[in-house]
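Contents: one structure, followed by commentary.
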Amino acid sequence: MTDRPAVTVRVPAKVNVQLAVGGARPDGFHDLANVFLAVGLYDEVTATPADALRVTATGPDTDRVPLDRTNLAARAAELLAARHGIAPDVHLHIAKDIPVAGGMAGGSADAAGALVACDALWGTGATREELLAICAELGSDVPFSLVGGAALGRGRGELLTPLEVGGTFHWVFAVADGGLSTPAVYAEFDRLTENAGVPAPEASPALLDALRTGDATALAPALANDLQPAALSLRPSLAATLTAGTTAGALAALVSGSGPTTAFLTKDADTAASVADALLTSGPCRAARVAAGPVPGATVV
């Protein structure tokens, strides 16, 4: 055990540059080909010694963040502690900047951040493989939040293959009012596809090649999200936001993950700034955030 007073871990948001979704499995999950890119919007998770497990949060929309043991960060601390036979006595403070319930893996990021912070605070000495196993137990997006960069997620998204990226990609993220429930979006996907054959999910070779060469113009037409029709069905107003971004100069637009955040790929940082301004001026979103990727995963700061 260590006697460190506190450990802070910075952990990034993600955008799915491709989310290919297969049919529902017997366990209720869906097989995915999920191409993740970590982008420079961050939550910070600080672990401090305490007499019991406690979670606090500050930042935008934290009234919608659970502060009990249903919080993924709290569950991460409990799982790590249980594996090492110690009590999960820690105060986890989450400073949020990733949109809440926005399809950018904010909760998953917090879980990965808590895991790395508690491992350092408690001196458990967990291996990378052990941390990834706990991440996979916590949720489909949590392993990528630990790893960062770019990766192809298989299975339900937790089986990761790192991807080579040849440059920096510039994005704008439009934050919508309210959230969208991931289970509700998948249920709508199942409803919309129930009479259609859903093919096995595969990563697009053109998309992987565009990532490898760092070519935003080539990446733009390859962006794809099989959950987008379901998200638009549940939240039709998102269509106007997607149109506003491309009209303002984005190379491409898509719903980020299960939404309702929408993501806009731009050719450079200047264009990203002007697209963000246009989205805020035209009023189809509550906030517009600029970020670039790839960036590293959970990192002690």
Side-chain angles (χ1 to χ4, degrees), residues 13-24 29-37 39 98-106 108 140-141 144 150 152-153 156-157 169 171-204 206-208 210-211 216 218-248 250-266 275 279 282 284-289 291 293:
K14 61 84 181 165
V15 62
N16 305 98
V17 292
Q18 182 186 2
L19 181 52
V21 182
F29 288 104
H30 295 69
D31 281 319
L32 305 176
N34 195 350
V35 182
F36 295 103
L37 184 73
V39 294
I98 300 172
V100 175
M104 299 187 73
S108 297
S140 303
D141 288 346
F144 179 71
L152 169 61
R156 51 184 172 83
F169 293 96
W171 298 85
V172 179
F173 297 97
V175 182
D177 278 317
L180 267 179
S181 153
T182 299
V185 174
Y186 272 101
E188 183 68 358
F189 170 85
D190 291 338
R191 187 186 74 79
L192 293 174
T193 59
E194 63 185 346
N195 295 319
V198 179
E202 293 295 339
S204 157
L207 180 134
L208 298 180
L211 285 175
L219 182 64
L223 295 178
N225 179 4
D226 287 354
L227 292 181
Q228 182 162 310
L232 290 174
S233 173
L234 295 174
R235 189 74 72 83
S237 60
L238 295 178
T241 309
L242 293 171
T243 301
T246 51
T247 301
L251 296 172
L254 79 168
V255 173
S256 180
S258 57
T261 299
T262 44
F264 303 87
L265 177 66
T266 64
V275 169
L279 285 167
S282 60
C285 62
R286 183 162 55 86
R289 306 292 306 281

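We count residues from 1, following the sequence as given. Keep in mind that what you see is a predicted model, and the values were worked out from it rather than measured.
- Every residue meeting the side chain to side chain donor-acceptor pair (under 3.5 Å) condition with N34, not counting sequence neighbours, appears here in chain and number order: N16.
- In this view, R289 and D97 satisfy the side chain to side chain donor-acceptor pair (under 3.5 Å) rule, not counting sequence neighbours.
- By the side chain to side chain donor-acceptor pair (under 3.5 Å) test, T193 is found to be paired with no residue, residues two or more places apart in sequence or in another chain being considered.
- Considering CG of L265 and CG of L251, their distance stands at 5.0 Å, rounded to 0.5 Å.
- Closest of all the heavy-atom pairs between G245 and L279 is N-CD2, 3.7 Å.
- Residue M104 holds its CE atom at 8.0 Å from NZ of K14, rounded to the nearest 0.5 Å.
- Taking the side chain to side chain contact (heavy atoms under 4.5 Å, CB included) definition, one finds that S237 meets it with R235, sequence neighbours left out.
- Interatomic distance, OG of S233 versus CZ of F189, reported as 13.0 Å (0.5 Å rounding).
- Taken from CG in L19 to CG in L223, the straight-line distance is 12.0 Å, to the nearest 0.5 Å.
- Applying the side chain to side chain contact (heavy atoms under 4.5 Å, CB included) test to S181 and every residue at least two apart in sequence or in another chain returns P183, A184.
- Residues passing the salt bridge (Lys or Arg N to Asp or Glu O under 4.0 Å) test with R286, sequence neighbours excluded: D61, D177.
- In this structure E202 satisfies the salt bridge (Lys or Arg N to Asp or Glu O under 4.0 Å) test together with R154, sequence neighbours excluded.
- Annotation: side chain to side chain contact (heavy atoms under 4.5 Å, CB included) contacts of A20 (sequence neighbours excluded): Q18, A33, P201, D226.
- What you find for A174 and T241 is that their closest heavy atoms are CB-CG2, 3.8 Å.
- Between A250 and V275, the shortest heavy-atom contact is N-CG2, 3.8 Å.
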Would V21 and V198 count as a side chain to side chain contact (heavy atoms under 4.5 Å, CB included) if you check the C-alpha gap in whole Å, the side-chain angles of each, and the deciding distance to 0.1 Å? CA-CA 8 Å; V21 182; V198 179; over 6 Å; no
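- Side chains of L254 and F264 form no contact here, defined as non-hydrogen atoms less than 4.5 Å apart.
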Using the side chain to side chain contact (heavy atoms under 4.5 Å, CB included) rule, take F36 and V17 through it: C-alpha gap first, then chi angles, then the decisive distance, then the call. CA-CA 6 Å; F36 295 103; V17 292; over 6 Å; no
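- Here the shortest heavy-atom pairing between I98 and A13 reads CD1-N, 3.5 Å.
- Side-chain contact between L227 and V255: absent, with no pair of heavy atoms (C-beta onward) separated by less than 4.5 Å.
- Between L238 and L232, the shortest heavy-atom distance links the atoms CB-CD2, 3.6 Å.
- For A218, the side chain to side chain contact (heavy atoms under 4.5 Å, CB included) criterion is met by A210, D215, not counting sequence neighbours.
- For residues 252-262, there are no salt bridge (Lys or Arg N to Asp or Glu O under 4.0 Å) pairs, not counting sequence neighbours.
- With sequence neighbours excluded, no residue forms a side chain to side chain donor-acceptor pair (under 3.5 Å) with T246.
- The two atoms that bring A263 and V15 nearest to each other are CB-CG2, 3.9 Å, heavy atoms only.
- The stretch residues 253-265 participates, sequence neighbours left out, in these side chain to side chain donor-acceptor pair (under 3.5 Å) pairs: T182-S258.
- Contact check for W171 versus T266: no side-chain heavy atoms found under the 4.5 Å cut-off.
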